[in-house]
Participant: 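Take a look at the following structure, please.
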Amino acid sequence: MIRKYLTLLVATMMLLAAGALSATAAEITVYTALEDDELAVYIPAFEKKHPNIKLNLIRDSTGIITAKLLAEKDNPVADVVWGTAATSLLVANDMGMLAGYNPKGIEKVRNGMKDTRNQEARWVGVKAYVTGIVGNTIEMSAKNLAMPQSYADLIKPEYRGALVMPNPASSGTGFLTVSAILQLMGEEEGWRYLDKLHQNMAMYTHSGSAPAKMAGKGEFPIGMSFAYRGFKQRDSGEPVTVAFPAEGSGYEVEANALIRKPRIKPEAKTFLDWAISDEAMAMYAKVYPIVATDIRVEAPKGWPTDPMSVLINNDLEWAAKNRQRILNEWTRRYDGKSQPRG
(Lines give C-alpha, C1' and ligand atoms only; values in the text may rest on other atoms or scores of the structure.)
Protein backbone atom coordinates (compact mmCIF):
# COMPACT_ATOMS: atom_id res chain seq x y z
CA MET A 1 0.00 0.00 0.00
CA ILE A 2 2.82 2.38 0.98
CA ARG A 3 4.73 1.46 -2.19
CA LYS A 4 1.61 2.14 -4.28
CA TYR A 5 1.17 5.52 -2.54
CA LEU A 6 4.81 6.47 -3.13
CA THR A 7 4.56 5.48 -6.78
CA LEU A 8 1.47 7.67 -7.18
CA LEU A 9 3.19 10.54 -5.35
CA VAL A 10 6.27 10.33 -7.58
CA ALA A 11 4.12 10.21 -10.71
CA THR A 12 2.14 13.25 -9.53
CA MET A 13 5.33 15.20 -8.81
CA MET A 14 6.70 14.34 -12.24
CA LEU A 15 3.50 15.57 -13.88
CA LEU A 16 3.64 18.79 -11.86
CA ALA A 17 7.30 19.29 -12.80
CA ALA A 18 6.54 18.66 -16.45
CA GLY A 19 3.67 21.15 -16.24
CA ALA A 20 5.90 23.74 -14.64
CA LEU A 21 8.56 23.19 -17.32
CA SER A 22 5.93 23.52 -20.01
CA ALA A 23 4.68 26.79 -18.48
CA THR A 24 8.22 28.15 -18.41
CA ALA A 25 8.90 27.10 -21.99
CA ALA A 26 5.71 28.82 -23.19
CA GLU A 27 7.15 32.25 -22.34
CA ILE A 28 9.91 33.68 -24.50
CA THR A 29 11.88 36.91 -24.19
CA VAL A 30 11.99 38.95 -27.38
CA TYR A 31 14.38 41.86 -27.92
CA THR A 32 13.16 44.27 -30.60
CA ALA A 33 13.80 47.72 -32.04
CA LEU A 34 10.52 47.83 -33.95
CA GLU A 35 8.44 50.96 -33.40
CA ASP A 36 5.75 50.94 -30.70
CA ASP A 37 2.97 51.65 -33.17
CA GLU A 38 4.11 48.73 -35.32
CA LEU A 39 4.17 46.38 -32.33
CA ALA A 40 0.61 47.43 -31.48
CA VAL A 41 -0.43 45.82 -34.78
CA TYR A 42 1.92 42.83 -34.94
CA ILE A 43 1.68 41.50 -31.38
CA PRO A 44 -2.12 40.95 -31.34
CA ALA A 45 -1.81 39.08 -34.64
CA PHE A 46 0.80 36.75 -33.16
CA GLU A 47 -1.19 36.23 -29.96
CA LYS A 48 -4.28 35.33 -31.96
CA LYS A 49 -2.27 32.77 -33.93
CA HIS A 50 -0.38 31.38 -30.90
CA PRO A 51 -2.41 32.10 -27.73
CA ASN A 52 -0.34 29.66 -25.66
CA ILE A 53 2.95 31.53 -26.16
CA LYS A 54 3.55 34.55 -23.94
CA LEU A 55 5.95 37.19 -25.24
CA ASN A 56 8.13 39.04 -22.77
CA LEU A 57 8.92 42.02 -24.99
CA ILE A 58 11.96 44.25 -24.44
CA ARG A 59 11.78 47.22 -26.82
CA ASP A 60 14.32 50.04 -27.31
CA SER A 61 16.27 51.80 -30.04
CA THR A 62 18.66 49.70 -32.11
CA GLY A 63 21.81 50.96 -30.41
CA ILE A 64 20.45 50.27 -26.94
CA ILE A 65 19.18 46.81 -27.88
CA THR A 66 22.54 46.01 -29.49
CA ALA A 67 24.49 47.18 -26.44
CA LYS A 68 22.24 45.18 -24.11
CA LEU A 69 22.52 42.08 -26.26
CA LEU A 70 26.32 42.24 -26.44
CA ALA A 71 26.64 42.99 -22.72
CA GLU A 72 24.74 39.77 -22.00
CA LYS A 73 26.99 37.66 -24.21
CA ASP A 74 28.02 35.24 -21.44
CA ASN A 75 24.58 35.10 -19.83
CA PRO A 76 21.99 35.72 -22.55
CA VAL A 77 18.51 36.81 -21.53
CA ALA A 78 16.78 37.08 -24.91
CA ASP A 79 15.48 34.01 -26.67
CA VAL A 80 15.08 35.77 -30.00
CA VAL A 81 15.84 39.12 -31.57
CA TRP A 82 13.12 40.54 -33.81
CA GLY A 83 13.43 43.50 -36.14
CA THR A 84 16.89 44.68 -35.16
CA ALA A 85 19.66 45.86 -37.51
CA ALA A 86 21.29 43.07 -39.48
CA THR A 87 24.67 44.78 -38.95
CA SER A 88 24.17 44.41 -35.19
CA LEU A 89 23.32 40.74 -35.64
CA LEU A 90 26.42 40.23 -37.79
CA VAL A 91 28.50 41.58 -34.89
CA ALA A 92 26.67 39.27 -32.46
CA ASN A 93 27.24 36.33 -34.77
CA ASP A 94 30.99 37.02 -34.92
CA MET A 95 30.94 36.74 -31.14
CA GLY A 96 29.27 33.32 -31.33
CA MET A 97 25.99 34.53 -29.87
CA LEU A 98 23.56 33.33 -32.55
CA ALA A 99 22.22 29.83 -33.17
CA GLY A 100 21.53 28.58 -36.68
CA TYR A 101 17.89 28.11 -37.65
CA ASN A 102 16.06 28.12 -40.97
CA PRO A 103 12.52 29.32 -40.21
CA LYS A 104 9.67 27.98 -42.31
CA GLY A 105 9.47 29.96 -45.55
CA ILE A 106 13.11 31.07 -45.58
CA GLU A 107 13.34 30.05 -49.24
CA LYS A 108 11.01 33.01 -50.04
CA VAL A 109 13.41 35.53 -48.47
CA ARG A 110 15.48 37.30 -51.09
CA ASN A 111 19.28 37.07 -51.12
CA GLY A 112 20.83 40.09 -49.45
CA MET A 113 18.20 39.96 -46.73
CA LYS A 114 19.27 36.70 -45.10
CA ASP A 115 22.41 34.86 -44.03
CA THR A 116 23.61 32.70 -46.91
CA ARG A 117 27.05 31.90 -45.50
CA ASN A 118 25.81 29.14 -43.22
CA GLN A 119 23.71 26.08 -43.95
CA GLU A 120 21.46 27.14 -41.09
CA ALA A 121 20.87 30.90 -41.21
CA ARG A 122 22.14 32.99 -38.32
CA TRP A 123 19.89 35.93 -39.27
CA VAL A 124 16.87 36.43 -41.49
CA GLY A 125 15.60 39.84 -42.61
CA VAL A 126 12.02 41.02 -42.65
CA LYS A 127 12.16 44.53 -44.13
CA ALA A 128 14.38 47.53 -44.78
CA TYR A 129 14.18 50.95 -43.21
CA VAL A 130 15.51 53.87 -45.17
CA THR A 131 17.02 57.31 -44.54
CA GLY A 132 14.52 60.10 -45.14
CA ILE A 133 14.64 63.87 -44.75
CA VAL A 134 11.58 65.19 -42.92
CA GLY A 135 10.76 68.89 -43.17
CA ASN A 136 8.10 70.96 -41.39
CA THR A 137 6.53 73.06 -44.15
CA ILE A 138 5.34 75.81 -41.80
CA GLU A 139 8.68 76.20 -40.01
CA MET A 140 10.66 76.09 -43.25
CA SER A 141 8.43 78.74 -44.80
CA ALA A 142 8.76 80.96 -41.72
CA LYS A 143 12.57 80.71 -41.95
CA ASN A 144 12.60 80.99 -45.75
CA LEU A 145 14.14 77.51 -46.13
CA ALA A 146 13.65 75.24 -49.11
CA MET A 147 13.06 71.53 -48.50
CA PRO A 148 16.46 69.78 -48.82
CA GLN A 149 16.54 67.17 -51.54
CA SER A 150 20.06 65.81 -51.13
CA TYR A 151 23.00 65.36 -48.79
CA ALA A 152 24.62 68.24 -50.67
CA ASP A 153 21.73 70.53 -49.74
CA LEU A 154 22.03 69.71 -46.05
CA ILE A 155 25.46 71.35 -45.68
CA LYS A 156 24.40 74.68 -47.20
CA PRO A 157 24.93 77.57 -44.74
CA GLU A 158 21.25 78.50 -44.61
CA TYR A 159 20.49 75.31 -42.70
CA ARG A 160 22.82 76.10 -39.79
CA GLY A 161 21.05 75.19 -36.53
CA ALA A 162 17.98 73.92 -38.39
CA LEU A 163 18.83 70.21 -38.47
CA VAL A 164 18.51 67.27 -36.09
CA MET A 165 19.56 63.68 -36.72
CA PRO A 166 20.07 60.51 -34.65
CA ASN A 167 23.29 59.68 -32.84
CA PRO A 168 24.62 56.56 -34.62
CA ALA A 169 25.93 55.08 -31.36
CA SER A 170 22.40 54.77 -29.98
CA SER A 171 20.26 54.69 -33.12
CA GLY A 172 20.30 52.26 -36.01
CA THR A 173 18.90 55.01 -38.25
CA GLY A 174 21.81 57.24 -37.31
CA PHE A 175 24.32 54.51 -38.07
CA LEU A 176 22.84 53.54 -41.43
CA THR A 177 22.88 57.21 -42.46
CA VAL A 178 26.52 57.74 -41.46
CA SER A 179 27.50 54.41 -43.03
CA ALA A 180 25.76 55.40 -46.28
CA ILE A 181 27.62 58.71 -46.44
CA LEU A 182 30.99 57.02 -45.88
CA GLN A 183 30.24 54.38 -48.50
CA LEU A 184 28.95 56.87 -51.07
CA MET A 185 31.78 59.38 -50.69
CA GLY A 186 34.66 57.26 -49.44
CA GLU A 187 35.87 57.61 -45.89
CA GLU A 188 38.19 60.59 -46.30
CA GLU A 189 35.65 62.72 -48.15
CA GLY A 190 32.82 61.29 -46.05
CA TRP A 191 34.32 62.51 -42.78
CA ARG A 192 34.94 65.93 -44.33
CA TYR A 193 31.27 66.01 -45.31
CA LEU A 194 30.17 65.00 -41.80
CA ASP A 195 32.32 67.82 -40.37
CA LYS A 196 30.33 70.29 -42.50
CA LEU A 197 27.03 68.63 -41.61
CA HIS A 198 27.94 68.91 -37.93
CA GLN A 199 28.18 72.70 -38.29
CA ASN A 200 24.50 72.78 -39.32
CA MET A 201 23.34 70.33 -36.68
CA ALA A 202 21.39 71.61 -33.68
CA MET A 203 21.23 68.26 -31.90
CA TYR A 204 21.84 64.53 -32.19
CA THR A 205 19.01 62.48 -30.68
CA HIS A 206 19.18 59.00 -29.18
CA SER A 207 16.20 57.72 -31.17
CA GLY A 208 15.83 57.26 -34.90
CA SER A 209 12.22 58.45 -34.87
CA ALA A 210 12.83 61.53 -32.67
CA PRO A 211 14.05 63.88 -35.46
CA ALA A 212 10.88 63.25 -37.48
CA LYS A 213 8.72 63.76 -34.38
CA MET A 214 10.57 66.98 -33.54
CA ALA A 215 10.10 68.26 -37.08
CA GLY A 216 6.44 67.32 -36.95
CA LYS A 217 5.94 69.34 -33.75
CA GLY A 218 7.87 72.29 -35.14
CA GLU A 219 10.68 72.02 -32.56
CA PHE A 220 13.18 72.06 -35.44
CA PRO A 221 12.50 72.70 -39.14
CA ILE A 222 14.21 69.57 -40.50
CA GLY A 223 15.00 66.11 -39.18
CA MET A 224 17.04 63.32 -40.72
CA SER A 225 15.14 60.22 -39.69
CA PHE A 226 13.77 57.16 -41.43
CA ALA A 227 11.18 57.63 -44.11
CA TYR A 228 8.43 55.57 -42.46
CA ARG A 229 8.33 57.85 -39.43
CA GLY A 230 8.09 60.96 -41.59
CA PHE A 231 5.18 59.53 -43.53
CA LYS A 232 3.56 58.47 -40.26
CA GLN A 233 3.80 62.04 -38.94
CA ARG A 234 2.34 63.37 -42.19
CA ASP A 235 -0.55 60.92 -42.15
CA SER A 236 -1.40 61.94 -38.59
CA GLY A 237 -1.99 65.48 -39.85
CA GLU A 238 1.32 67.13 -39.05
CA PRO A 239 2.64 69.67 -41.63
CA VAL A 240 5.61 67.65 -42.88
CA THR A 241 6.98 66.52 -46.19
CA VAL A 242 9.49 63.73 -46.82
CA ALA A 243 12.36 63.52 -49.30
CA PHE A 244 14.82 60.76 -50.14
CA PRO A 245 18.40 62.07 -50.64
CA ALA A 246 19.08 62.32 -54.36
CA GLU A 247 22.48 60.62 -53.98
CA GLY A 248 20.76 57.54 -52.54
CA SER A 249 19.27 56.59 -49.20
CA GLY A 250 21.11 54.57 -46.67
CA TYR A 251 19.18 51.58 -45.44
CA GLU A 252 19.38 48.78 -42.93
CA VAL A 253 17.79 45.37 -42.97
CA GLU A 254 15.65 44.73 -39.92
CA ALA A 255 16.31 41.11 -39.09
CA ASN A 256 15.53 38.28 -36.69
CA ALA A 257 17.81 35.77 -34.98
CA LEU A 258 17.76 32.89 -32.56
CA ILE A 259 20.00 33.43 -29.53
CA ARG A 260 22.41 30.65 -28.65
CA LYS A 261 21.56 29.39 -25.15
CA PRO A 262 22.05 26.12 -23.24
CA ARG A 263 18.37 25.40 -23.75
CA ILE A 264 16.63 26.76 -26.84
CA LYS A 265 12.87 26.82 -26.41
CA PRO A 266 10.79 25.39 -29.27
CA GLU A 267 8.46 28.38 -28.89
CA ALA A 268 11.33 30.64 -29.97
CA LYS A 269 11.47 28.80 -33.29
CA THR A 270 7.69 28.98 -33.60
CA PHE A 271 7.92 32.74 -33.19
CA LEU A 272 10.63 33.04 -35.85
CA ASP A 273 8.50 30.96 -38.23
CA TRP A 274 5.59 33.34 -37.74
CA ALA A 275 7.81 36.46 -38.04
CA ILE A 276 8.55 35.74 -41.73
CA SER A 277 5.16 34.25 -42.57
CA ASP A 278 3.00 35.68 -45.35
CA GLU A 279 0.72 37.11 -42.66
CA ALA A 280 3.57 39.00 -41.00
CA MET A 281 5.07 40.16 -44.31
CA ALA A 282 1.71 41.58 -45.39
CA MET A 283 1.59 43.64 -42.18
CA TYR A 284 5.18 44.86 -42.59
CA ALA A 285 4.50 45.85 -46.19
CA LYS A 286 1.65 48.19 -45.30
CA VAL A 287 4.15 50.71 -44.00
CA TYR A 288 7.50 49.44 -45.30
CA PRO A 289 7.28 48.69 -49.02
CA ILE A 290 10.73 47.06 -49.06
CA VAL A 291 10.16 43.69 -47.41
CA ALA A 292 12.17 40.49 -47.52
CA THR A 293 9.86 38.55 -49.83
CA ASP A 294 8.17 39.28 -53.14
CA ILE A 295 4.74 39.80 -51.58
CA ARG A 296 2.78 42.16 -53.83
CA VAL A 297 1.66 45.41 -52.21
CA GLU A 298 1.11 48.95 -53.38
CA ALA A 299 3.81 51.31 -52.13
CA PRO A 300 2.49 53.78 -49.52
CA LYS A 301 1.87 57.35 -50.64
CA GLY A 302 5.12 59.28 -50.97
CA TRP A 303 7.25 56.35 -52.10
CA PRO A 304 8.38 55.96 -55.73
CA THR A 305 6.68 53.23 -57.74
CA ASP A 306 9.88 51.21 -57.40
CA PRO A 307 10.88 51.69 -53.75
CA MET A 308 14.18 49.87 -54.32
CA SER A 309 15.27 52.72 -56.62
CA VAL A 310 16.05 55.06 -53.71
CA LEU A 311 18.60 52.74 -52.10
CA ILE A 312 22.39 52.93 -52.20
CA ASN A 313 24.46 49.83 -52.93
CA ASN A 314 24.85 49.01 -49.24
CA ASP A 315 27.60 46.67 -48.04
CA LEU A 316 26.19 45.29 -44.78
CA GLU A 317 29.28 43.17 -44.14
CA TRP A 318 31.54 46.25 -44.39
CA ALA A 319 29.21 48.22 -42.13
CA ALA A 320 29.21 45.47 -39.51
CA LYS A 321 32.97 44.94 -39.64
CA ASN A 322 33.71 48.65 -39.28
CA ARG A 323 30.80 49.56 -37.00
CA GLN A 324 32.71 50.10 -33.76
CA ARG A 325 35.55 51.97 -35.44
CA ILE A 326 33.05 54.31 -37.14
CA LEU A 327 31.13 54.87 -33.91
CA ASN A 328 34.32 55.63 -31.98
CA GLU A 329 35.40 58.20 -34.56
CA TRP A 330 31.95 59.76 -34.80
CA THR A 331 31.71 60.05 -31.00
CA ARG A 332 35.15 61.62 -30.78
CA ARG A 333 34.23 64.25 -33.35
CA TYR A 334 30.59 65.08 -32.75
CA ASP A 335 29.19 63.78 -29.48
CA GLY A 336 29.26 67.24 -27.91
CA LYS A 337 25.94 68.03 -29.57
CA SER A 338 24.21 64.84 -28.45
CA GLN A 339 20.92 65.14 -26.61
CA PRO A 340 21.32 64.53 -22.86
CA ARG A 341 20.17 61.06 -21.90
CA GLY A 342 16.95 61.12 -19.93
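Only heavy atoms go into these numbers, but all of them, side chains included; no hydrogens, no water, no symmetry mates.
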Participant: Flag the pair Glu47 / Pro51 as yes when at least one side-chain heavy-atom distance between them is below 4.5 Å, and no otherwise.
Facilitator: no

Participant: Distance alone, cut at 3.5 Å: any donor-acceptor contact between the side chains of Ser207 and Ser209?
Facilitator: yes

Participant: Quick one: CD1 on Ile290 to CZ on Arg110, what's the gap to the nearest 0.5 Å?
Facilitator: 8.5 Å

Participant: Quick one: ring pair (Phe, Tyr, Trp, His ring centres under 6.0 Å) partners of His198, sequence neighbours excluded?
Facilitator: Tyr204, Tyr334

Participant: For Glu188, which residues count as a salt bridge (Lys or Arg N to Asp or Glu O under 4.0 Å) partner, sequence neighbours excluded?
Facilitator: Arg192

Participant: Donor-acceptor check, side chain of Lys143 to backbone of Pro221, threshold 3.5 angstrom: yes or no?
Facilitator: no

Participant: How about Lys337: does its NZ atom have over 12 heavy atoms from other parts shown lying under 6.0 Å from it?
Facilitator: yes

Participant: Regarding Asp335 and Ser338, do their side chains bring together a donor and an acceptor under 3.5 Å, going by distance alone?
Facilitator: yes

Participant: Could you list the residues that satisfy side-chain contact (heavy atoms from CB on, under 4.5 Å) with Asp36, not counting sequence neighbours?
Facilitator: Leu39, Arg59

Participant: Is the distance between the ring centroids of Phe175 and Trp330 less than 6.0 Å?
Facilitator: no

Participant: Cluster partners of Ile64, using ILVMFWY side-chain heavy atoms under 4.5 angstrom, listed by chain and number?
Facilitator: none

Participant: For Asp153, check salt bridge (Lys or Arg N to Asp or Glu O under 4.0 Å) against everything at least two apart and list the hits.
Facilitator: Lys156

Participant: For Asn313, does the CG atom sit with more than 12 other heavy atoms under 6.0 Å from it, leaving out its own atoms?
Facilitator: no

Participant: Can you tell if the side chain of Ile326 reaches within under 4.5 Å of the side chain of Val178, non-hydrogen atoms only?
Facilitator: yes

Participant: Between Thr87 and Glu252, is a side chain to side chain donor-acceptor pair (under 3.5 Å) present by the stated rule, with each step listed?
Facilitator: CA-CA 8 Å; Thr87 49; Glu252 175 66 89; 2.5 Å; yes

Participant: Indicate yes or no: at least one non-hydrogen side-chain atom of Arg341 is less than 4.5 angstrom from one of Ser170.
Facilitator: yes

Participant: List the residues meeting ring pair (Phe, Tyr, Trp, His ring centres under 6.0 Å) with Phe46, not counting sequence neighbours, and say none if there are none.
Facilitator: His50, Phe271, Trp274

Participant: Just checking, is any N or O donor in the side chain of Asn322 or Arg325 under 3.5 Å from an acceptor N or O on the other one?
Facilitator: yes

Participant: Start with the C-alpha distance between Asn167 and Gln339, add both sets of side-chain angles, then the distance that settles side chain to side chain donor-acceptor pair (under 3.5 Å), and finish with yes or no.
Facilitator: CA-CA 9 Å; Asn167 180 324; Gln339 183 182 35; over 6 Å; no

Participant: What pairs of residues pass the side chain to side chain donor-acceptor pair (under 3.5 Å) test when at least one of them lies in residues 70-80, not counting sequence neighbours?
Facilitator: Tyr31-Glu72, Lys68-Glu72, Asp79-Lys261

Participant: Is there a donor-acceptor contact under 3.5 Å linking the side chains of Asn256 and Tyr101?
Facilitator: no

Participant: Residues two or more places apart in sequence or in another chain: which of them pass side-chain contact (heavy atoms from CB on, under 4.5 Å) with Ala246?
Facilitator: Ser150

Participant: Looking at residues at least two apart in the chain, or sitting in another chain, which of them share a ring pair (Phe, Tyr, Trp, His ring centres under 6.0 Å) with Tyr151?
Facilitator: none

Participant: List in chain and number order the residues that pass ring pair (Phe, Tyr, Trp, His ring centres under 6.0 Å) with Tyr251, two or more places apart in sequence or in another chain; answer none if no residue qualifies.
Facilitator: none

Participant: With a 4.5 Å heavy-atom cut-off, do Arg229 and Asp37 have their side chains touching?
Facilitator: yes

Participant: Does Arg160 have any salt bridge (Lys or Arg N to Asp or Glu O under 4.0 Å) partners at least two apart in sequence or in another chain, and if so, which?
Facilitator: none

Participant: Which label fits Tyr284 and Tyr42: parallel for a plane angle under 30°, tilted from 30 to 60°, or perpendicular past 60°?
Facilitator: perpendicular

Participant: Test of understanding: with side-chain contact (heavy atoms from CB on, under 4.5 Å), list the residues that count as partners of Asp278, not counting sequence neighbours.
Facilitator: Lys108

Participant: Hey, could you give me the CD/CD distance between Glu187 and Glu329, rounded to the nearest 0.5 Å?
Facilitator: 9.0 Å

Participant: More than 12 non-hydrogen atoms from neighbouring residues, nucleotides or ligands closer than 6.0 Å to CZ on Arg117, yes or no?
Facilitator: no

Participant: Going by distance alone, is a donor N or O of one side chain under 3.5 Å from an acceptor N or O of the other, for Gln199 and Asp195?
Facilitator: no

Participant: If we only count heavy atoms from C-beta on, is the Leu176 to Thr131 side-chain gap below 4.5 Å?
Facilitator: yes

